[in-house]
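First comes the structure, then the notes that go with it.
Proteins get letters first, then strands, A, B, ... in listed order; numbering begins at 1 in each.
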Amino acid sequence: MAEFTRPRGTRDFGPDEMRSRRSIESKMRGAIESFGYREISTPTFEHSDLFIARSGPQILDQIYNFLDKGGREIVLRPELTAPVMRFYFSELRNSPKPLRIYYFGNCFRYERPQKGRYREFWQMGLEYIGNRTPLALSEVINASISALDSSGLEGFKVRIGHAALLSSILERWGLKGKDKDLMIAIDKKDEKGIIDILGGGEEAENVSRLVSRTYPIADHKKALEAIMKEVPGIDERAIKELSEVLELVVPGGGEIYMDPAITRGLDYYDGTVFEIDAPSLGAEKQICGGGAYSLSEVFGGEVEGIGFGLGFDRVLVALGGNIPVTDPARVFYLVPMGEKASLIAPGIARTIREGGCRCILETSGRSIKKALPAALNSGAGYLLLMGDDEIARGIVAIKDLSTKEQVEVQVGELGHAIVPGGVLFDRIRNINENYING
RNA sequence: GCCGGGAUGGUGUAGCCUGGUAGCAUCGGGGACUGUGGAUCCCCUCGCCCGAGUUCGAAUCUCGGUCCCGGCCCCA
């Protein structure tokens, strides 16, 4: 029947789902803000060259791009790091350092949708700009862990590695990370594939084995020593940095590992890098990735930064619909019966709203029998009844829908009654409701 | 870009193999019932993803498309 349909890979969110999404969103924002990061926002569309500069021209195959009426090449942003860096270089570069900023917004990619992958999706992330001390590096990782912890997600895996470490291993074979097949094999931890590409031999086997493992954080020193021993001339500063960062990571709800094989797709990552997976997600299990970068090549200015991007939708998929939402507002459902009651109902409703409560007005003119189920469905805790009797006596009847207890209050005292200290406040106590969706 | 499985009122489903009046539940609207009700009963609205083909006749069979779900590829 539907004549109009959603574009492929997009979603509508109903009231219950939006409540869940907003609830998680605000918890995660809160976690990031608690580290001192402040929100910024950039346009939904940008000039194509911004993303081409960052990711190469082949990226156009995977994004929404078009010419606008002025003939400009425009794309819907496929990610937020590049716009944020553009903003930084054009207007924020003289801000006091370090600069701590974060963002949350929708992004668009023209890809085949599947579980945890949509054509419109939401990304949250932050950038720390100004230096790359071990404390700063660990702060960014700790912020990502805190954000995920605040969402209620459990069992995620944080893997921390180092881009320069990996490339110095590759340099040992004169490869310098340019060999795409090798990078893919490393990323997949395909031991056999790595050995084949490196040309076999005992050394190749040893390196492949070392790189294809993740090491519990407690074992990282031993593991790094083993790698250092196996690969002569390895970047020892990278080893030192990674080791220091690992000491400073504060464990949260997830497990922490050292993983030397994190490639991150981009050339400009050159320091500590990390990824976070939610194993429950399957193919699209990565929910967060980031690290330290230098952007001098792309943007022409020099900048040392650390950041991460986090797939908000995947966090929600990983939570699996078990999203507790606390709704602290007391909700009243006001049923005016008759013309006189209708005339004063909006004013009564306003009084209630000004008292910090929510008031849903029965606007359909339904009988109380019809209004009651509507009130129950609306999530209201209290029914307010106003009919001729009540008006004649100057009162309003309030029924607690959970206890079925009913009390009467003078209309003039309603505002005082429902706020803290009022006669109804203690009586109307049972106000925090936990909703489980799904 | 590749490979599977799907699509029936708003939602969830039966019917499909074996072509012949599209059924059930729920939600929504109304009523039984003029203000203490969340119950029960009755009535009503709304549907075979789109297009072509085969056929006397297609939800059902065939082909193409669209979209959804999952798995690859990719993943900034």
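Mapped onto RNA chain B by nearest heavy atom, A:F51 and A:R6 fall at different nucleotides, with A:R6 at the one closer to the 5' end. A residue-by-residue look at A:G9 and A:D187 shows that A:G9 has its nearest nucleotide of RNA chain B further toward the 5' end.
B:rU54: no Watson-Crick or G-U partner with both key distances under 3.5 Å is found in any strand. For B:rG23, the paired nucleotide is B:rU13, the pair qualifying as Watson-Crick or G-U wobble because both relevant distances are below 3.5 Å. Pairing partner, B:rU34: none, since no Watson-Crick or wobble contact has both distances short of 3.5 Å. With both pairing distances under 3.5 Å, B:rC2 is matched to B:rG71 as a Watson-Crick or G-U wobble pair.
A:R112 places its CZ atom 12 Å from the P atom of B:rG70, with the value rounded to the nearest Å. As a whole-Å value, the separation of A:L385 CG from B:rG38 C1' is 14 Å. Straight-line distance from the NZ atom of A:K370 to the C1' atom of B:rG31: 7 Å, rounded to whole Å.
Salt bridge status for A:E275 with A:R159: present, with a side-chain N to carboxylate O gap under 4.0 Å. Between A:E25 and A:R29 a salt bridge is recorded (basic side-chain N to carboxylate O distance below 4.0 Å). A:D270 has a carboxylate O that lies under 4.0 Å from a charged side-chain N of A:R132, or vice versa, which qualifies the two as a salt bridge. Under a 4.0 Å N-O distance rule, the pair A:R11/A:E17 does not qualify as a salt bridge.
Of the candidates A:F104, A:Y103, A:W122, A:F312 forms a ring pair (Phe, Tyr, Trp, His ring centres under 6.0 Å) with just one, namely A:F104.
With P as the reference atom, B:rG4 and B:rU62 are 15 Å apart, rounded to whole Å. Spacing between B:rU54 and B:rC63 at atom C1', rounded to whole Å, works out to 11 Å. Between B:rU60 and B:rC50, the two P atoms lie 10 Å apart (nearest whole Å). Rounded to a whole angstrom, the distance from the C1' atom of B:rA14 to that of B:rC24 is 7 Å. Distance check on atom C1': B:rG65 versus B:rA7 gives 14 Å, rounded to whole Å. Going from the P atom of B:rG23 to that of B:rC48 covers 13 Å, rounded to whole Å. Nucleotides B:rU26 and B:rC61 place their P atoms 30 Å apart, quoted to the nearest Å. For the C1' atoms, the distance linking B:rG38 with B:rC49 amounts to 38 Å, nearest Å.
In this structure, A:Y64 and A:Y110 have perpendicular ring planes: the angle between them is above 60°, well past the 30° mark.
Out of B:rC74, B:rG31, B:rC67, the shortest distance to the side chain of A:R8 is found at B:rC67. Proximity note for A:Q114 (side chain, C-beta onward) versus B:rG71, B:rG38, B:rC2: the nearest is B:rG71. The side chain of A:Q406 sits closest to B:rU36 out of B:rC33, B:rC74, B:rU36. Here B:rC74 is the nucleotide among B:rU36, B:rC74, B:rG71 with the atom lying nearest to any side-chain atom of A:R117. Of all nucleotides listed (B:rU36, B:rA76, B:rG70), B:rG70 comes nearest to the side chain of A:K115. Distance from the side chain of A:K188 is smallest to B:rC73 among B:rC73, B:rC75, B:rG35. Listed nucleotides B:rG30, B:rU36, B:rC75 differ in distance to A:R109; the shortest reach to its side chain belongs to B:rC75.
A:M337 has its side chain within reach of A:L385: a pair of non-hydrogen atoms, C-beta onward, lies under 4.5 Å apart.
A:E111 contributes no side-chain N or O that forms a donor-acceptor pair with the base of B:rG1 under 3.5 Å. Not a single donor-acceptor contact under 3.5 angstrom links the side-chain atoms of A:K369 to the base of B:rU36.
When heavy atoms are screened at a 4.0 angstrom cut-off, A:P78 is found touching base atoms of the nucleic acid. Contacts of A:R366 with the nucleic acid, taken as non-hydrogen atoms under 4.0 Å apart, involve only primed sugar atoms and P, OP1 or OP2. Within the nucleic acid shown, A:E390 comes within 4.0 Å of at least one base atom, counting heavy atoms only. Across all strands, A:G289 comes closer than 4.0 Å to no nucleic acid atom at all (heavy-atom distances).
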